[in-house]
Amino acid sequence: MPLPREPSEKRRLFDRLASVREVVFGMQDGVLTTAGVLAGLSGAVSNHSQVILAAIAATAAGALSMGVGAYLGTSAETEVLRSELERTRREAAERPYIMQEALLRQLEREGLAREASYRVVELLSSSPELLIATTEEKVFGLGGALLGNALLDGIVMGVAFIAGALIPLLPYIVITTPRIALGTALCATALALFGVGYFEGWLAHREQRWRSGARFLLIALGAAAVGYVIGLAISPLGGAAG
Amino acid sequence: MLKPGDAAPPFDLPCAVEDRIDRISLAKIRSEMVVLFFYPRDFSFVCPTEVTGFNQLRQEFAEENATLLGASVDTAESHRRWARELGGIGYPLLADAGGGVARAYGVYDEKEGVAMRATFVLDSDRKVAYALASPINVGRSVAETLRVVRAIRTGQLCPAEWKPGMKFGPPDRQL
């Protein structure tokens, strides 16, 4: 039986897990987008190296777009949160009793007796910073942990996208027969999608991790199939326009 | 909420006074006036200024033959500990657990499950002579309550901002 983790170790683990969203999102998108580009170009372009070059270009553009998107998204979120936290801090400095009362009521709501809640808030009030931080987390649900690192998120997302894109792309680079390369790339894509889901199940300490893998694979393939069907449905429109 | 002229609903409640638990009944109070103020909860960071403010002026209220009573939905034991926390309170804090009396006076906040910040001054017939409710985040002026008690006891027409020693009646007007 594994030993329970030290709280500080657990905190570091939570910090690392904050990037799980970017890893999963980036990899999934990298795998599916590149597989889609390869499958689409294989039918239309006969030159094998041109397919590879186009897929590499699509990977570079996708990684940049996803990385910049993650960076900008986290930046905007962090900025809004930070400004809200600063406003709360200013209010707390001007009228500390409002914050004390709000925290007291929250602790009471969560099951602590009135007097015990009062004592806790009184103790916390001896350190204004601690009182503010605790109130932000308990009452407003705003914590320092929510303030993401925009640059890290952008890099992780971009790198995850490239890592995902390499999975269908590598068979194309190694195998020169287009049909076999495509089949291998699609198999590798399916395996990778299953693997990402399995990894997520492992992180969440799930009993049946294969279920997480299968679920992830089905959702991703389902989305790809819906996209394919929509493409088929609207293709006559493109023909009519041309 | 009760208004001036309404009969004050009777009550008989446990209370904490001077570090002991007791019981108090409106019918048994013999003073000329009664000042009954409701506050939301014990162990609060907003209410203590009022509870201690009344305590600081309790002698002045006694000189006006007025009995001071505080009330909240907390228990008498909670009042006792809260009064200790505040350095001792020399007037009774009524334990209106369940808020029955606050409801009878029309000052029970059903949503929050506490009494509103409300003050009633009862006259010798135990009718409401003065009623005031404050927002939950605004403390009352104890000095103003004392001024009102003094004004009511004169039985005269007291103009705005009247204080003992000032003239009664409407302000002089030149015709």
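These values consider heavy atoms only, across backbone and side chains, with no hydrogens, waters or symmetry-generated copies. Within every chain, numbering begins at 1; the chains are lettered A, B, ... in the order of the sequence lines, protein sequences first and strands thereafter.
A salt bridge links Glu108(A) with Arg41(B): the distance from a Lys NZ or Arg NE/NH1/NH2 to an Asp or Glu carboxylate oxygen falls below 4.0 Å.
Residues Ser44(B) and Arg114(A) are in side-chain contact: their nearest non-hydrogen atoms beyond the backbone lie under 4.5 Å apart.
Within 6.0 Å of CZ in Arg105(A) there are 12 or fewer heavy atoms belonging to other residues, nucleotides or ligands. The environment of CZ in Phe61(B) is crowded: more than 12 heavy-atom neighbours from other residues, nucleotides or ligands sit within 6.0 Å. Environment of CD in Glu129(A): sparse, with no more than 12 heavy atoms of neighbouring residues, nucleotides or ligands closer than 6.0 Å. When the shell of 6.0 Å around CZ of Arg206(A) is examined, it contains more than 12 heavy atoms from other residues, nucleotides or ligands.
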Residues Glu85(B), Arg119(A); criterion side chain to side chain contact (heavy atoms under 4.5 Å, CB included); working and verdict: CA-CA 11 Å; Glu85(B) 183 79 18; Arg119(A) 304 260 174 245; 2.7 Å; yes
In a table with atom names and distances, give each donor-acceptor pair under 3.5 Å that connects a side chain of residues 94-101 of chain B to protein atoms at least two apart or in another chain.
| residue | atom | partner | partner atom | Å |
| --- | --- | --- | --- | --- |
| Asp96(B) | OD1 | Gly100(B) | N | 3.2 |
| Asp96(B) | OD1 | Val101(B) | N | 3.0 |
| Asp96(B) | OD2 | Val101(B) | N | 3.4 |
| Asp96(B) | OD2 | Ala102(B) | N | 2.9 |

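Under a 3.5 Å cut-off, the side chain of Glu101(A) and the backbone N or O of Phe45(B) do form a donor-acceptor pair.
Residues of residues 58-65 of chain A lying within less than 4.5 angstrom of chain B, judged on heavy atoms, are absent.
Checked against the 6.0 Å centroid criterion, the rings of Tyr118(A) and Phe43(B) qualify as a close aromatic pair.
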